[in-house]
2 protein chains.
Amino acid sequence: IILMENIAKIYGSGNTEVRALDQVNLSVETGEYCAIMGPSGSGKSTLMNIIGCLDSPSQGSYLLDRVDVSSLHDDRLADIRNKKIGFVFQQFHLLPQSSALDNTILPMIYAGVSPAERRDRAEEALVRVGLADRLQNKPNQLSGGQQQRVAIARAIVNKPAILLADEPTGALDSRTTAEILALFDELNQAGMTVVMVTHETEVAKQTQRIVWLKDGKILHSHLTPEE
Amino acid sequence: IILMENIAKIYGSGNTEVRALDQVNLSVETGEYCAIMGPSGSGKSTLMNIIGCLDSPSQGSYLLDRVDVSSLHDDRLADIRNKKIGFVFQQFHLLPQSSALDNTILPMIYAGVSPAERRDRAEEALVRVGLADRLQNKPNQLSGGQQQRVAIARAIVNKPAILLADEPTGALDSRTTAEILALFDELNQAGMTVVMVTHETEVAKQTQRIVWLKDGKILHSHLTPEE
Ligand SMILES: Nc1ncnc2c1ncn2[C@@H]1O[C@H](COP(=O)(O)OP(=O)(O)OP(=O)(O)O)[C@@H](O)[C@H]1O
Ligand SMILES: Nc1ncnc2c1ncn2[C@@H]1O[C@H](COP(=O)(O)OP(=O)(O)OP(=O)(O)O)[C@@H](O)[C@H]1O
Ligand SMILES: [Mg+2]
Ligand SMILES: [Mg+2]
């Protein structure tokens with residue numbers, strides 16, 4: 001469902017050139033549960049932004065579900081992104097003026113879901129992540145971990161084909177982490193492809209495959225969680 | 001150096017009242033290295049904001065280095081905060097339009113340090129956190145972990161009496177985490193009081209004392225890291 005060939009992302013030029021990604025070849029099958037790991041600054045978030053069609057590569061080709069997304073722009077790209085991808089960012093990116101419920105509803109507005117149905121589905125997703133009593137709170141009325149849980153509810157509410165999560169449990173205590181990982185596991189069992197950036201071995205153990213990045217390059221493409 | 005008595009922080013009222021902190025009594029001696037732990041939503045960041053004079057309690061008294069800060073306002077409070085406290089937030093809070101260097105220099109401008117000296121000290125702090133080659137980068141040109149390291153450099157550059165850190169290693173891989181914890185340890189050995197929110201047992205093991213929060217209350221005030 002993800003096929004990247006010779007992907008590069010370059011910032012700056014000449015002396016100040018930074019190859020955030022370099023010669024990246026990555027293929028992910030439908031239904032895989034894949035962790036992306038690597039040191040701070042190794043390119044994990046950059047890779048996630050390109051997979052999620054939020055950023056375009058400087059070089060290389062990217063086929064998402066057999067569609068060449070490097071040839072798409074704006075509306076068409078946004079449409080594919082909204083339908084196929086659910087995104088949990090490293091810094092949440094919730095709308096600060098909107099409640100947890102309205103933030104979770106947002107992807108369904110783009111997708112044309114009816115007002116009654118989207119309210120129900122948003123509430124259901126927020127209950128699943130443990131925020132039943134925080135539906136009306138705005139982000140600055142929520143703890144760090146609660147904001148991340150709203151982001152997760154928002155990411156799953158359109159039932160995307162791929163769930164991309166950048167450190168989804170980074171700000172969560174062990175109990176909430178276990179609940180969230182159980183949720184990701186259920187979604188994966190139900191057929192969703194999950195790609196998750198993490199630096200925690202506990203989280204990586206829950207996946208089937210680890211991709212290891214270092215200095216913008218893929219060091220290992222198919223590690224198993226055991227080692 | 002920190003003496004809190006019967007501190008409460010209340011949001012909303014009547015049916016929607018949330019006691020983010022309730023009947024909190026906390027005393028921290030100069031030079032302690034103390035972890036604050038507890039489930040997501042238990043009040044850790046709220047407590048940190050009050051300790052750091054960024055928020056005032058709804059009830060109770062708070063003596064910071066024997067000064068009753070609940071009776072101070074604006075300039076006087078900002079002055080105490082700038083001189084005594086270094087803050088690492090859960091969401092970095094760097095100035096988005098300023099480079100790593102300028103973000104790190106900021107506390108020294110308030111403190112009246114000369115331009116030449118503050119440039120040197122900022123550079124030195126950034127080198128210590130491993131960002132020697134990122135001095136001119138703005139936050140959106142830095143990875144999540146790199147932004148957190150700028151925040152740490154900024155927090156220590158005025159040599160504060162208390163270092164408050166909310167999940168400082170949350171976004172960092174294990175190697176950078178070890179480097180940052182070694183840095184906090186050195187600072188504590190040199191006399192700095194360190195209060196750190198963490199949900200990672202690896203990090204808590206490095207401290208001398210654990211305070212455990214649950215539903216806005218202090219459940220345990222003096223746990224040792226061994227259990
Ligand atoms: N402005 C506000 N209005 C209403 N409720 C608030 C507000 N700010 C915080 N809260 C509530 O106070 C409680 C404690 O929040 P706090 O951010 O201190 O938790 P935390 O322990 O830091 O959690 P985490 O580990 O998820 O970061 C939460 O239940 C939150 O919803
Ligand atoms: N806009 C930009 N301009 C210049 N350099 C950039 C820009 N964005 C990212 N970088 C650099 O690209 C590299 C990779 O960044 P990225 O955010 O992908 O790392 P990461 O693996 O997610 O790290 P972390 O674990 O700390 O979040 C970093 O060295 C960063 O400084
Ligand atoms: Mg990142
Ligand atoms: Mg918090």
Side-chain angles (χ1 to χ4, degrees), chain A residues 11-12 15-16 18 20 37-49 55 89-94 129-131 133-134 136-149 166-167 169-180 197-202 204 212-214 216, chain B residues 11-12 15-16 18 20 37-49 55 89-94 129-131 133-134 136-149 166-167 169-180 197-202 204 212-214 216:
Chain A
Y11 292 109
N15 281 356
T16 61
V18 173
M37 305 188 79
S40 182
S42 55
K44 305 180 296 296
S45 297
T46 305
L47 179 59
M48 293 293 266
N49 285 335
D55 194 11
F89 296 91
Q90 197 171 3
Q91 268 103 48
F92 321 153
H93 296 306
L94 301 176
V129 301
L131 291 175
D133 58 350
R134 291 282 187 276
Q136 298 305 334
N137 290 48
K138 295 199 170 60
N140 68 353
Q141 297 170 333
L142 294 171
S143 74
Q146 290 167 341
Q147 291 178 54
Q148 190 63 318
R149 284 185 265 160
D166 196 340
E167 304 281 358
T169 59
L172 304 175
D173 61 271
S174 48
R175 190 187 106 187
T176 320
T177 292
E179 291 171 5
I180 293 299
V197 168
T198 183
H199 63 265
E200 296 177 56
T201 41
E202 291 310 304
W212 200 280
L213 282 180
K214 184 167 156 54
Chain B
Y11 293 109
N15 283 357
T16 60
V18 173
M37 303 187 81
S40 180
S42 55
K44 304 180 295 295
S45 298
T46 305
L47 179 59
M48 293 294 265
N49 286 336
D55 194 13
F89 296 91
Q90 196 169 4
Q91 267 104 45
F92 322 153
H93 295 307
L94 301 175
V129 300
L131 291 175
D133 58 349
R134 291 281 186 276
Q136 298 305 334
N137 290 48
K138 294 195 169 63
N140 68 353
Q141 297 170 335
L142 294 171
S143 75
Q146 290 166 342
Q147 290 177 55
Q148 190 64 319
R149 284 185 265 158
D166 196 340
E167 303 282 356
T169 59
L172 304 175
D173 60 273
S174 48
R175 191 186 104 188
T176 320
T177 293
E179 291 171 3
I180 292 299
V197 168
T198 183
H199 63 265
E200 296 177 58
T201 41
E202 290 312 300
W212 200 281
L213 280 180
K214 184 167 156 58

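Letters go in sequence order (proteins before strands), and every chain restarts at 1.
Heavy-atom distances place both the backbone and the side chain of A:Q146 under 4.5 Å from chain B. Both the backbone and the side chain of A:S40 come within less than 4.5 Å of a heavy atom of chain B. For chain B, no part of A:S45 is nearby; none of its heavy atoms comes within less than 4.5 Å.
Two residues are said to be in side-chain contact when any heavy atoms from C-beta on lie closer than 4.5 Å; A:V18 and B:R134 meet this criterion.
With chain B as the partner, the residue from A:T177, A:L172, A:T201 showing the most heavy-atom pairs under 4.5 Å is A:L172. Among B:R149, B:Q147, B:M37, B:Q136, the residue making the largest number of heavy-atom pairs under 4.5 Å with chain A is B:R149.
Nearest heavy atom pair, residue A:Q90 against residue B:A171, reads NE2-CB, 3.8 Å.
With values rounded to the nearest 0.5 angstrom, B:T16 atom OG1 is found 9.5 Å from A:Q141 atom CD.
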